[in-house]
Peer 1: 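One structure is given below, represented as structure tokens, and several questions about it will come after.
In each ligand, atom 1 is the first atom listed, and ligand 1 is the first ligand listed.
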Amino acid sequence: MIPYGRQDIQQEDIDAVIRVLKSDFLTQGPAVQDFEQALANYCDVPYAVAVNSATSALHLACLALDLGEGDWLWTSPITFVASANCGRYCGAQVDFVDIDPLTGNLCPNALEKKLINAEQTGRLPSIVIPVHLGGQPCDMAAIKTLADRFGFRIIEDASHAIGAQYRNEHVGNCQYSDITVFSFHPVKIITTAEGGVATTRNQSLAAQMVRLRSHGITRDTDMMTHAPDGPWYYQQLELGYNYRMSDLQAALGLSQLQRLDHYIRIRQELATQYNQALKDLPLTPLQQHPDTDSAWHLYIVRLSTDKIQVSHRQVFEAMREQNIGVNLHYIPVHLQPYYQSLGFKPGDFPEAEKYYSQAISLPLYPKLTDAMHKQVVEALKNALLI
Ligand SMILES: *Cc1c(COP(=O)(O)O)cnc(C)c1O
């Protein structure tokens with residue numbers, strides 16, 4: 001089976017992890033800080049806080065921005081459930097903003113309309129989480145303008161988008177957001193097995209996330225309520241978690257980061273080849289906005305279901321039968337039973353639901369060879385009965 005995505009592990013990654021295994025610190029050592037510094041440099045941002053997953057990073061980001069009961073968090077329905085769940089962890093209520101059908105990203109016009117309504121009913125969100133679907137940045141300038149007008153904070157869920165650019169600058173620099181989150185799960189662009197990071201330009205948000213990832217504990221005497229009892233002393237200032245990244249993971253991440261730009265170039269090339277090979281088929285790749293350079297985590301097409309004799313599901317099954325591991329990103333989050341139990345129902349976000357009835361992610365990863373690429377295209381033609 002050709003999977004839709006997979007990690008690329010080289011000898012230098014293995015060596016980097018072995019060096020840490022033989023060192024004094026498997027966790028809470030120097031590798032985490034080295035990785036954070038390298039990520040901050042790459043993104044051109046002052047602070048990077050590494051944690052054990054993007055889900056944890058989203059949770060800490062919400063906590064640092066003071067999300068709590070009585071607050072609203074809005075995100076896109078076309079995302080992984082974690083982008084919404086982080087609001088629920090904090091006791092906040094979650095709502096969704098429908099997508100732009102062309103890019104699949106949260107639609108700024110739909111956001112503006114919903115904000116105007118929410119202002120009238122006193123239900124403005126405290127946080128909006130735009131998700132850079134497939135690695136293409138959202139229309140951040142438009143979203144930031146709305147944030148300034150309506151007073152909400154922005155967390156970019158850039159789990160797909162490390163290495164992507166928005167207006168020629170790396171995603172993660174937080175020019176248009178308070179905090180940006182990346183994931184290092186093996187299907188994503190670079191990996192630490194499990195892992196994530198939150199970047200920010202705000203020192204106090206960074207310090208809070210550092211504290212919260214390790215139980216809410218500080219060893220900074222300036223933060224303490226009184227002078228230390230002795231050299232062993234630390235204080236727990238608030239309720240935190242153990243969301244730490246280990247040094248093994250950080251060493252793997254730092255080694256992978258050296259190849260990030262190379263990975264992005266290969267992904268761009270593969271995407272261009274798909275565009276070319278698929279251009280006469282009854283489908284539309286997600287449109288790329290001229291302000292963006294996608295990291296191409298995913299290559300998503302929408303089937304022109306009105307122009308083909310087979311159903312979306314049949315195309316899917318025919319691809320899997322031909323050993324092509326296509327996938328669907330994503331099932332609209334509001335249709336998950338958990339969110340339906342909170343009151344959401346089919347029909348709430350029609351563009352997201354229509355997208356769900358047409359979208360397919362084709363295999364895309366650095367080790368996908370030309371032969372495999374051709375195999376995917378041929379399988380798709382078969383599946384579409386062309
Ligand atoms: C993968 C992913 C996450 C969660 O990442 P983890 O590191 O697995 O916790 C969150 N949001 C989106 C959009 C993702 O794709």
Side-chain angles (χ1 to χ4, degrees), residues 3-7 32 35 39 48-63 73-90 94 96-97 99 103-106 127-138 140 154-164 171-172 177 179-199 209 212-213 241-246 249-250 252-253 256-257 267 286 294-300 327-334 336 338-339 352 355-356 359 361 364-365:
Y4 83 88
R6 77 163 275 140
Q7 71 273 17
V32 173
F35 183 41
L39 282 164
V49 179
V51 289
N52 60 359
S53 71
T55 303
S56 302
L58 286 164
H59 185 193
L60 295 188
C62 288
L63 290 171
L73 176 148
W74 292 2
T75 188
S76 169
I78 297 299
T79 184
F80 185 55
V81 292
S83 322
N85 289 348
C86 56
R88 300 295 300 151
Y89 297 156
C90 300
V94 168
F96 302 93
V97 180
I99 59 165
T103 62
N105 277 334
L106 185 146
I127 295 179
V128 173
I129 305 191
V131 181
H132 304 324
L133 183 69
Q136 176 177 209
C138 293
M140 292 310 300
I154 301 174
I155 302 171
E156 292 173 71
D157 185 342
S159 292
H160 301 178
I162 194 162
V171 167
S177 62
I179 296 172
T180 301
V181 168
F182 297 116
S183 171
F184 305 126
H185 183 278
V187 297
K188 309 290 163 76
I189 290 179
I190 59 170
T191 189
T192 61
E194 296 282 359
V197 71
T199 64
M209 292 191 287
L212 288 167
R213 80 173 160 189
Y241 302 84
N242 180 352
Y243 282 171
R244 291 186 305 259
M245 176 180 278
S246 74
Q249 293 166 302
L252 176 55
Q256 291 255 310
L257 188 61
R267 286 174 175 278
L286 289 184
S294 179
W296 292 106
H297 165 53
L298 300 171
Y299 188 87
I300 299 174
N327 219 318
L328 210 177
H329 301 92
Y330 287 95
I331 305 159
V333 177
H334 71 282
Q336 294 292 352
Y338 172 74
Y339 283 95
Y355 166 95
Y356 176 56
S361 304
L364 182 64
Y365 50 91

Peer 1: Would you say Asp157 has any N or O atom under 3.5 Å from an N or O of ligand 1, going by distance alone?
Peer 2: yes

Peer 1: Does Gly134 offer a backbone N or O that forms a donor-acceptor pair with the side chain of His297 under 3.5 Å?
Peer 2: no

Peer 1: What is the closest protein heavy atom to atom 4 (C) of ligand 1, and at what distance does it sit?
Peer 2: Thr55 OG1, 3.6 Å

Peer 1: With a sphere of 6.0 Å drawn around CZ of Arg6, does it hold more than 12 non-hydrogen atoms of other residues, nucleotides or ligands?
Peer 2: no

Peer 1: Is a donor on one side and an acceptor on the other found under 3.5 Å between the side chain of Ser361 and the backbone of Tyr299?
Peer 2: no

Peer 1: Under a 4.0 Å heavy-atom limit, does Tyr330 contact ligand 1 with its side chain, its backbone, both, or neither?
Peer 2: side chain

Peer 1: Against ligand 1, does Gly195 come closer than 4.0 Å with any heavy atom?
Peer 2: yes

Peer 1: Between Gln249 and Glu194 (side chain of the first, backbone of the second, donor and acceptor by atom type, cut-off under 3.5 Å), is there such a pair?
Peer 2: yes

Peer 1: Heavy-atom contacts with Val131 under 4.0 Å: which atoms of ligand 1 show up? List them by number with element.
Peer 2: 13 (C)

Peer 1: Which residue and atom name correspond to the protein heavy atom nearest atom 15 (O) of ligand 1, and how close is it?
Peer 2: His160 NE2, 2.7 Å

Peer 1: Which residue holds the protein heavy atom closest to atom 10 (C) of ligand 1, what is that atom called, and what is the gap in Å?
Peer 2: Ser159 OG, 3.4 Å

Peer 1: What I want to know is whether Phe184 and ligand 1 share at least one N or O pair that is separated by under 3.5 angstrom.
Peer 2: no

Peer 1: Keeping Arg213 on the side-chain end and Ala50 on the backbone end, is there a donor-acceptor pair under 3.5 Å?
Peer 2: yes

Peer 1: With heavy-atom distances below 4.0 Å as the criterion, list the atoms of ligand 1 near Ser53.
Peer 2: 7 (O), 9 (O)

Peer 1: Taking N or O atoms only and a 3.5 Å limit, does His185 qualify as a polar contact for ligand 1?
Peer 2: no

Peer 1: For Thr192 and Gly253, indicate whether the former's side chain and the latter's backbone hold a donor-acceptor pair under 3.5 Å.
Peer 2: no

Peer 1: Determine whether more than 12 heavy atoms belonging to other residues, nucleotides or ligands lie under 6.0 Å from atom OH of Tyr241.
Peer 2: yes

Peer 1: What part of Thr79, side chain, backbone, both or neither, has a heavy atom within less than 4.0 angstrom of ligand 1?
Peer 2: side chain

Peer 1: Please check whether Lys188 reaches ligand 1 - meaning an N/O of the residue sits under 3.5 Å from an N/O of the ligand, judged on distance alone.
Peer 2: yes

Peer 1: Heavy-atom contacts under 4.0 Å between Val181 and ligand 1: side chain, backbone, both, or neither?
Peer 2: neither

Peer 1: Between the side chain of Asn105 and the main-chain N/O of Gln136, is any donor-acceptor distance below 3.5 Å?
Peer 2: yes

Peer 1: If only atom types and distance count, is the side chain of Thr55 paired as donor or acceptor with the main-chain N or O of Ala82 below 3.5 Å?
Peer 2: no

